[in-house]
Amino acid sequence: MTRIDWLAIAPELVVAGTLLVVLAVDLFLPRERKYYVAALAVLGTTLAMVPVILMAVAGDSYSMFDGSYVVDQFALVLKGVFLVAGYLVLLISVSYVESDRFYQGEYYLLLLSSLLGSMVLTSGRDLVVLFVALELTTGPLFLLAGWRKGDLRSNEASLKFFIIGVLSTGLMLYGMSLLFGLTGELSFAGIREAIASAGLASEPVLGLAVLLILVGFGFKVSAVPFHFWAPDTYQGSPPPVTAYLSVSSKLAGFVAMLVVIYLALPAVTEFWGPALWLMAAASMTVANLSALRQTHLIRLLAYSSVAQAGFMLVPFAGAAIADDGLAEGLGATVIYLVIYAVMNLGAFAVVIAGGRRIGSYEISEWRGLGSYAPRQGVMLAVFFLSLAGLPPLAGWFAKFVMFRAILISTGPAGVWLAVIAAVNAVVAFYYYARVVKSAWFDKAPDVIPEDTEAGPTGPLNLAVGVSLVVVLVVGAFPAIATFFGDAAAALVP
Amino acid sequence: MELFEIWALSLIVFLPLAGALVALAIPKEREEAVKLWALGVSGVTLILAVIVAARFDFGAAGRFQFEVDLPWIGAIGANYHIGVDGISLPLLVLSALVVVLCVIYSWKHWDEPHNPRGFLVLMLILATGMNGTFVALDLVLFFIFFELVLLPMYFMIGIWGDRTMRKIPGFKKEVETRLYAAIKFFIFTLFGSAFMLLGFLALYFKSGSGGLDPTFDIPELIGRGFLFEGTFAWLVFGAMFLGFAVKVPMWPFHTWLPDAHTAAPTVGSVLLAAILLKLGSYAFIRISIPILPETAREWAPFIAVLSVIGIIYGSLACLAQTDVKRLIAFSSVGHMGFVMLGIATLTEVGINAAIIGMVAHGLITGLLFFLAGSMHHRYHTREMSRLGGNLKLMPVLGGILGFTAMASLGLPGLAGFWGEFMALLGSYQPLPGLSTDFFRTAMVIGAIGTVLTAGYMLWMLQKVNLGEPSSEWAGKKFHDVDRYEMIAWVPLIVLIVAVGVYPKLVLGVTTDAVVGLVETAFSSVLGG
């Protein structure tokens with residue numbers, strides 16, 4: 001069936017159109033009005049939400065290009081998440097990019113390209129679409145990470161990210177080619193059937209293929225032991241780019257992992273189950289212990305994002321162990337992704353806002369923030385404690401469904417992972433609380449940092465406000481989040 | 001169903017939270033308005049709690065009343081299920097009362113850095129958490145409220161807490177007491193409650209075996225107790241035990257308590273002692289024992305041992321203290337030991353003892369912390385070696401301190417007596433199947449504990465209240481009990497006497513519920 005359903009690809013078309021308009025308009029804008037392109041980009045992402053919502057409400061499902069491109073509830077939910085995340089990152093970027101006199105047009109162009117890639121990714125149902133979309137997502141980020149050209153740290157960030165990105169892509173591609181060679185199929189459904197009908201489940205080469213693909217994804221989601229690029233890249237990149245890296249880029253890795261594992265490889269749990277169990281346990285433990293020693297806020301958030309990736313991997317392990325765990329695991333990961341995206345962006349927005357005023361990301365320099373800027377102090381506490389998973393902030397529910405998804409299996413492997421996760425949740429609280437402690441319990445410095453006037457702050461405040469509302473409302477009424485989880489879980493065949 | 005029946009409990013729980021949000025809208029400078037608002041909100045909450053108590057059907061105290069059961073998170077089967085029975089009602093009223101008294105007390109007593117609005121907002125959020133825990137009948141809801149109390153208390157200790165520098169073993173530099181205490185309090189409790197949550201989830205999944213829908217509903221889970229057995233039940237009990245025992249706190253999980261109490265501002269200490277500690281022991285009675293009765297019997301001797309160690313250890317530790325507030329904090333370890341000993345007997349007498357012990361401890365230790373705070377406010381020290389002759393300097397305050405200390409050491413006729421006495425009585429004849437010799441030994445050791453309690457309380461009184469004031473205070477004029485203190489303390493004093501003289505005030509409410517609980521849980525051993 002080669003008929004193209006225009007409504008189904010309308011969100012991608014809108015983003016692609018915005019991207020081109022941004023490129024063209026930027027050429028004709030005088031330097032002092034370059035930030036108009038930001039408004040255009042924000043407008044574009046908002047518009048792209050319309051078809052997504054329309055299709056989600058109608059409950060439609062579209063399949064195009066011989067099933068390679070599918071727009072179902074799973075895809076719509078994640079397109080929505082990517083759009084909201086992109087929207088928030090754009091808002092966070094405006095004042096930063098404006099105040100540093102960046103190449104604004106190109107900045108938004110690249111950000112939108114990456115967003116486009118991740119939106120295509122959610123619909124990709126064969127290896128080729130998946131691969132191209134994943135590369136479109138990460139490719140622009142190599143450039144964005146090095147956007148502060150004169151800054152050595154930024155150069156380092158970009159270079160490290162690039163080398164690791166290429167390496168992981170190579171490994172992943174090798175795994176994919178093995179998978180294709182074994183099964184002769186590119187589509188996930190085809191691979192699944194081929195494994196079942198040809199009895200490949202015990203084929204060692206299949207195991208190798210799965211492992212190589214997982215290593216590739218491990219780099220993308222920055223899970224231990226493939227995480228070591230993350231702290232340096234996060235610290236060196238411009239903070240709004242870091243926010244995007246820690247949310248959208250990580251989400252893209254997870255989405256790819258979700259579709260490959262749950263659509264193509266549900267039958268061979270013995271290949272990916274133990275590997276992901278180990279990755280989850282290692283990510284949580286190593287990242288949390290490293291985070292305890294960080295003094296730089298962005299580095300702290302980098303390790304926190306590695307640890308959170310570990311928590312997100314836990315439901316995969318549960319899905320592998322439990323008899324009927326696939327739908328549960330998928331739903332739990334998606335709920336975690338949705339909540340994590342919003343609270344982490346909120347945290348970044350507050351950190352960037354505070355960083356502009358304080359002029360430093362050293363935690364000790366943030367002392368007494370609550371006494372001279374109580375509103376910012378409260379926001380900081382809300383988002384960091386939500387990341388820690390404390391009720392009644394939204395983070396608790398992400399942790400809750402994660403525990404639920406692993407405990408659905410009654411075996412010792414599940415219980416042990418749950419215990420490891422529980423201990424890690426407590427350890428993680430300590431370093432999140434350190435930031436809160438510095439802002440609220442420590443005495444303010446003698447010279448209170450002045451509020452800087454450079455660049456518009458409205459968009460940044462809007463980003464904080466939106467995230468705050470979501471964190472509070474979802475925390476009190478988690479049924480909203482389960483709605484997303486249920487819709488996405490329909491993916492499981 | 002009447003409108004009041006449906007809304008009463010929800011209002012008691014969420015009115016303080018709504019009040020806190022509104023208080024944020026009042027400008028920070030208008031302190032009087034904030035205080036009046038907080039008083040009004042907590043006052044209305046108390047009135048509602050009293051009306052609930054008045055309309056409570058005491059003939060059916062074993063049944064949940066004012067019940068509301070609405071869907072909340074459909075996908076995971078968690079409901080908004082709340083209700084009170086004879087076990088939770090006294091604690092709910094106590095919690096509502098103590099919050100009002102704390103608001104009144106803090107009218108003129110503020111610790112640095114002042115900021116009444118922030119403090120009162122935290123106190124109101126805390127009230128929502130405490131009241132909610134006592135009425136929650138769904139494990140997820142219970143978990144949320146149980147955790148909700150952590151944040152406000154963390155900020156109370158961390159911001160308004162004690163600023164003196166202290167050398168803490170394991171730290172290179174001296175740290176401020178409040179910083180160390182706040183994070184310690186949080187990490188300990190969070191560690192426990194993370195495992196508690198795992199236990200809850202395990203119960204949930206297990207309750208779904210045999211073709212039933214899995215559930216978080218506490219009454220429903222009690223009915224499905226037969227599903228939980230063997231190693232599974234043992235582990236789940238252990239996981240929940242960690243969560244509850246840290247909160248109580250039982251020896252050896254108690255070490256956060258002296259630090260938190262010493263560092264907390266006066267009102268924080270009062271709330272911590274009077275209500276927060278009860279959340280743990282209440283959870284044993286509400287969740288652990290009725291849902292896992294068979295496992296509770298296996299764990300009972302272990303709990304009894306820890307309780308008795310707690311009693312003796314707490315008393316001995318008191319004798320080694322020089323700081324009056326720290327002494328009261330350690331006395332809590334001992335008193336909660338009696339409460340847990342009562343629970344460990346698994347008998348009607350023992351569990352009744354635990355509840356009346358909780359109420360009494362809430363009244364008495366709450367008042368003791370008020371007194372300690374007021375003394376510190378005047379002397380600017382809590383070192384007992386520098387205090388002395390308090391009775392001469394401030395006769396009224398000294399008198400109340402003497403009275404409360406007597407109540408605390410379990411003087412017959414005052415509230416503290418019944419909890420200790422009945423806990424020991426319960427240990428004489430524990431639940432059939434539990435070793436009588438074992439529990440009688442526990443009883444004897446516990447009895448020695450009461451003597452030690454009397455010892456350190458009298459020792460404290462002698463050091464602080466009696467004798468001649470030290471020359472340090474010569475010529476200084478001390479303001480005796482002021483109006484706000486009086487208003488805050490008199491209700492506690494009256495209740496201490498009332499419960500002491502007429503324990504039926506509490507036992508009359510609880511007995512039916514406790515009897516029902518024990519008979520349902522242990523029908524196999526009691527019937528045979």
Side-chain angles (χ1 to χ4, degrees), chain A residues 322 328 331-332 335 368 370-371 374-375 378 381-382 385 388-393 396-397 399-401 403-410 414-415 418-419 421-430 433-434 436-438 440-444 475-486 489, chain B residues 17 24 28 71-78 113 115 117-118 125 128-129 132 140-141 143-148 150-151 154-155 157-161 163 176 178-179 182-183 186-206 208-209 214 232 235 239 242:
Chain A
E328 184 81 23
I335 290 173
S371 61
R375 213 163 293 168
V378 169
V382 165
L385 295 173
L390 283 185
L393 306 166
W396 82 267
F397 192 65
K399 292 255 164 37
F400 184 89
V401 289
F403 280 126
R404 202 179 115 101
I406 185 70
L407 282 178
I408 200 168
S409 66
T410 42
V415 174
V419 169
V423 172
N424 270 297
V426 180
V427 174
F429 170 77
Y430 184 78
R434 256 184 52 212
V436 177
K437 173 213 151 221
S438 179
W440 280 101
F441 300 173
D442 290 349
K443 212 167 149 300
F477 303 101
I480 302 166
T482 61
F483 168 76
F484 290 114
D486 289 346
Chain B
L17 185 65
L24 282 176
K28 201 173 173 180
W72 175 41
I73 320 175
I76 58 165
N115 190 4
R117 186 181 68 167
I125 298 175
T128 289
V140 180
L141 199 62
F143 169 74
I144 297 287
F145 286 127
F146 196 79
E147 297 284 277
L148 183 59
L150 294 183
L151 276 182
Y154 172 66
F155 282 104
I157 298 176
I159 297 178
W160 287 271
R163 284 160 188 268
E176 281 190 52
R178 64 189 169 110
L179 301 180
I183 193 73
F186 214 128
I187 293 283
F188 265 68
T189 325
L190 201 63
F191 182 81
S193 51
F195 283 94
M196 175 185 91
L197 181 63
L198 295 188
F200 286 178
L201 279 164
L203 279 182
Y204 169 79
F205 283 120
K206 194 73 174 181
S209 50
F232 169 83
L235 285 174
L242 270 182

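Since the model is a prediction, treat every value here as computed from it, not as a measurement. Letters A, B, ... mirror the listed sequences (proteins, then strands); counts begin at 1.
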Atom group of [X] that falls short of 4.5 Å from chain A, counting heavy atoms:
| X | answer |
| --- | --- |
| B/A182 | side chain |
| B/I76 | both |
| B/F205 | side chain |

Can you confirm whether [X] sits close enough to [Y] that some side-chain heavy atom of one is under 4.5 Å from a side-chain heavy atom of the other?
| X | Y | answer |
| --- | --- | --- |
| B/V140 | A/W396 | yes |
| B/L190 | A/L390 | yes |
| A/P391 | B/L148 | no |
| B/L179 | A/D442 | yes |
| A/F429 | B/I183 | yes |

Counting only non-hydrogen atoms closer than 4.5 Å, does [X] touch chain B with its backbone (N, CA, C, O), its side chain (CB onward), both, or neither?
| X | answer |
| --- | --- |
| A/A381 | side chain |
| A/I406 | neither |
| A/A388 | neither |
| A/F400 | both |

Legend entry - ring-ring contact (aromatic ring centres under 6.0 Å, His included) against B/Y154, all qualifying residues, sequence neighbours excluded: A/F441, B/F186
Inset, instruction - Could I get the full list of ring-ring contact (aromatic ring centres under 6.0 Å, His included) partners for A/Y430, not counting sequence neighbours? - result: none
Legend entry - Where A/V426 and B/A194 come nearest, the two heavy atoms and their spacing: CG2-CB, 4.1 Å
Inset, instruction - Taking all heavy atoms of B/A202 and all of A/L407, pick out the closest pair and write down the distance. - result: N-CD1, 4.4 Å
Inset, instruction - Would you confirm whether B/W72, through its side chain, and A/A476, through its main-chain N or O, come within 3.5 Å as a donor-acceptor pair? - result: yes
Legend entry - Max heavy-atom pair count under 4.5 Å with chain B, selected residue of A/G331, A/A479, A/P478: A/P478
Legend entry - Choice from B/L150, B/I187, B/L235, B/N115 maximising heavy atom contacts with chain A below 4.5 Å: B/I187
Inset, instruction - Assess whether side-chain contact (heavy atoms from CB on, under 4.5 Å) is satisfied between A/V436 and B/F155, documenting all intermediate values. - result: CA-CA 10 Å; A/V436 177; B/F155 282 104; 3.6 Å; yes
Inset, instruction - Can you establish whether the number of heavy atoms outside B/F232 located under 6.0 Å from its atom CZ is more than 12? - result: yes
